[in-house]
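Data first, discussion second: the structure below is written as structure tokens.
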Amino acid sequence: FRLISHLLQYPDKTWRASLIQARQTVDALYQMSSKPFLERFLTNVQQTTNDTLLEIYVQTFDFGKKTNLYVTYARHGEQRERGPALLALKQFYAKHGWRMNEEELPDYLPLMLEFASIAPLDAVQELFREHRLAICDIGERLKKKDNLYADLFTALSLAMDELNRPSAKEGGAV
């Protein structure tokens, strides 16, 4: 989850420089169903120019109302109901001992994935039970557009599936 969180960040020069370490992390994954999708994403990104990648990222996540990285936005948009949903997420993180980055909204997917990478398994399962549909909806929209970020969402969906297998380990091991 931490790797996907990182790969969903804005692709600046520091991010691009981190791709070597990201590739090493993916290479070290053992028998994970998400591995081929992470490999393909990294290969595609490394074959894409910086300017093109920045344009894809901005068009996809900053201007894409249905593909932005704010998970409650699809259901609530800017409506009044989104406030309680955001507060509930913030309280959920606090309940599980995690102090979130106050610079970001609690439904920001990379932030949710950071939490998932360190939280107890039951908390992660609960978080994704609540938000899986919205996350997968973003992935489906990206897949239909043949967007290179669709591979990250496929990898994430597969990782969420693995949480429910008996071999999933405590502490966000995926």
Side-chain angles (χ1 to χ4, degrees), residues 1-12 14-15 18-19 21-39 41-42 57 60-61 66-76 81-143 149-174:
F1 292 124
R2 182 166 285 163
L3 175 63
I4 295 171
S5 172
H6 177 71
L7 294 174
L8 284 171
Q9 301 291 327
Y10 185 78
D12 58 15
T14 303
W15 182 90
S18 74
L19 293 179
Q21 185 177 1
R23 176 66 76 177
Q24 292 169 345
T25 301
V26 170
D27 288 345
L29 293 176
Y30 180 72
Q31 292 185 343
M32 299 271 305
S33 57
S34 56
K35 184 175 181 173
F37 298 96
L38 294 168
E39 289 172 331
F41 174 79
L42 290 171
Y57 186 91
T60 302
F61 299 125
K66 305 236 181 205
T67 58
N68 71 61
L69 294 174
Y70 294 93
V71 174
T72 65
Y73 188 84
R75 185 179 340 161
H76 301 296
E81 295 85 21
R82 188 167 178 226
L86 295 174
L87 179 60
L89 258 173
K90 193 171 183 179
Q91 291 171 339
F92 178 81
Y93 296 145
K95 172 184 163 187
H96 294 285
W98 194 60
R99 185 178 155 100
M100 60 169 273
N101 177 351
E102 295 292 331
E103 295 175 13
E104 199 54 75
L105 292 173
D107 68 336
Y108 182 56
L109 184 55
L111 185 131
M112 294 173 95
L113 295 174
E114 280 293 317
F115 171 80
S117 73
I118 61 165
L121 179 61
D122 62 330
V124 177
Q125 289 171 325
E126 183 179 344
L127 178 71
F128 289 140
R129 231 183 345 267
E130 175 70 24
H131 299 286
R132 181 186 178 101
L133 186 60
I135 293 167
C136 290
D137 186 53
I138 296 167
E140 286 302 313
R141 290 176 189 281
L142 295 176
K143 205 179 289 185
Y149 282 94
D151 282 331
L152 286 184
F153 281 81
T154 300
L156 176 54
S157 178
L158 291 167
M160 288 188 289
D161 289 345
E162 290 178 7
L163 286 175
N164 298 314
R165 292 194 183 130
S167 64
K169 294 181 182 167
E170 191 73 47
V174 176

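We number each residue from 1, following the sequence as shown.
Between the side chain of Y57 and the backbone N or O of L8, at least one donor-acceptor pair lies under 3.5 Å. Looking at E162, its side chain does come within 3.5 Å of a backbone N or O of S33 through a donor-acceptor pair. Proximity of a side-chain donor or acceptor of S157 to a complementary backbone N or O of F153 within less than 3.5 Å is not detected. Formation of a donor-acceptor pair under 3.5 Å by the W98 side chain with backbone atoms of F92 is not found in this model. Side-chain atoms of T154 come within 3.5 Å of backbone atoms of A150 as a donor-acceptor pair (strictly under, hydrogens ignored).
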Trace of the side chain to side chain contact (heavy atoms under 4.5 Å, CB included) decision for L38 with L29: CA-CA 10 Å; L38 294 168; L29 293 176; 3.8 Å; yes
- [ ] Could you go through the side chain to side chain contact (heavy atoms under 4.5 Å, CB included) check for F115 and F1 one step at a time?
- [x] CA-CA 9 Å; F115 171 80; F1 292 124; over 6 Å; no
Q: Start with the C-alpha distance between L109 and L156, add both sets of side-chain angles, then the distance that settles side chain to side chain contact (heavy atoms under 4.5 Å, CB included), and finish with yes or no.
A: CA-CA 11 Å; L109 184 55; L156 176 54; 4.1 Å; yes
- request: Kindly indicate, with the supporting measurements, whether the criterion side chain to side chain contact (heavy atoms under 4.5 Å, CB included) is fulfilled by L152 and F37.
  value: CA-CA 7 Å; L152 286 184; F37 298 96; over 6 Å; no
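Ring planes of F41 and Y149: tilted class, angle from 30 to 60°.
Nearest approach of V26 to E39, heavy atoms of both residues: CG1-CG, 3.5 Å. The heavy-atom pair separating I4 from L113 by the smallest distance is CG2-CD1, 3.7 Å. A pairwise comparison of heavy atoms in S34 and A155 identifies CB-O, 3.4 Å as the closest pair. The nearest pair of heavy atoms linking L89 to P106 is CD1-O, 3.6 Å. Here the closest non-hydrogen pair linking W15 and Q9 is NE1-O, 3.8 Å.
Applying the side-chain contact (heavy atoms from CB on, under 4.5 Å) criterion to A22, with sequence neighbours excluded, gives L3, L7, L42. Every residue meeting the side-chain contact (heavy atoms from CB on, under 4.5 Å) condition with T60, not counting sequence neighbours, appears here in chain and number order: I56, T67, L142, N147. Contacts of L133 classified as side-chain contact (heavy atoms from CB on, under 4.5 Å), with partners at least two apart in sequence or in another chain: none. Not counting sequence neighbours, D27 has no partner by the side chain to side chain donor-acceptor pair (under 3.5 Å) test. Taking K66 as the reference, R141 meet the side-chain contact (heavy atoms from CB on, under 4.5 Å) condition, with sequence neighbours excluded.
Taken from SG in C136 to NZ in K143, the straight-line distance is 8.5 Å, to the nearest 0.5 Å. Interatomic distance, E130 CD to M112 CE, rounded to the nearest 0.5 Å: 8.5 Å. Atom NZ in K35 sits 10.0 Å away from atom CE in M32 (nearest 0.5 Å).
Between H131 and T72 the shortest side-chain heavy-atom distance falls below 4.5 Å. Two residues are said to be in side-chain contact when any heavy atoms from C-beta on lie closer than 4.5 Å; R132 and D161 meet this criterion.
With salt bridges taken as basic N to acidic carboxylate O contacts below 4.0 Å, none links R129 and E126.
Counting only residues at least two apart or in different chains, salt bridge (charged side-chain N to carboxylate O under 4.0 Å, His left out) contacts with residues 101-116 comprise R2-E114, R82-D107, K90-E102.
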